Each structure stands twice: as C-alpha cells, then as structure tokens.
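Some notes on the structure that comes next.
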Amino acid sequence: MTTALPVPDPAALSDAQQRGAECVWCAKPLTNITAHDLGARPLPEFGPTVRWYPRCCPTCRKDRA
Ligand SMILES: [Zn+2]
C-alpha cells in the first residue's frame, strides 16, 4: 500500500486541474502518457460519495515522491 501524497485543495484549482487535464501543482497540461495518477480523493463539498482524480506531471511527481 502506497501513501497518498497530499494534494492542493481542489477549490483553489482550475477546472482543468480538477479534471486531471493539468498538473495539480504547476498547471502544466498533461497527456495520458505523461500524467501520473495521484488516486481518487474525496470531495465532501459535493457529496459524501463524490471523488476527484488529481494528476501531476513527472517533474512534480519526482520532486514530491
Ligand atoms: Zn507539475
């Protein structure tokens, strides 16, 4: 089991970052090849079962791993 990296508050992120289209930390556009999936995170403001799927670029992943 891996430890989930802490991610920014989704309320402070752009729509593209919330969708996983851009890195959650540096807002760099992501492709399915370069994106690192950070795993589903709860989004309690939108309901008890709502999740969002943050993704990041390889650079940020390396810096935070
Ligand atoms: Zn990044």
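For ligands, and for the atoms within them, numbers begin at 1 and follow the listed sequence. Keep in mind it's a predicted model, so treat the numbers as computed, not measured.
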Open item on the list: For the NE2 atom of His36 and the CG atom of Leu30, what is their distance to the nearest 0.5 Å?
Closed with: 11.5 Å
Open item on the list: Taking atom CG as the centre, does Asn32 end up with more than 12 heavy-atom neighbours from other residues, nucleotides or ligands that are less than 6.0 angstrom away?
Closed with: no
- [ ] Can you measure from SG (Cys56) to CD (Gln17) and round to the nearest 0.5 angstrom?
- [x] 11.5 Å
Task: Any donor-acceptor pair under 3.5 Å from Glu22 side chain to Pro29 backbone - done: no
Task: Polar protein atoms near the Zn ion (ligand 1) [N, O or S; cut-off under 2.8 Å] - done: Cys23 SG, Cys26 SG, Cys57 SG, Cys60 SG
TODO: Examine distances only and state if a side-chain atom of Gln18 and a backbone atom of Pro10 form a donor-acceptor pair shorter than 3.5 Å.
DONE: yes
Task: Distance-minimising heavy-atom pair for Leu38 and Arg55 - done: CD1-C, 4.0 Å
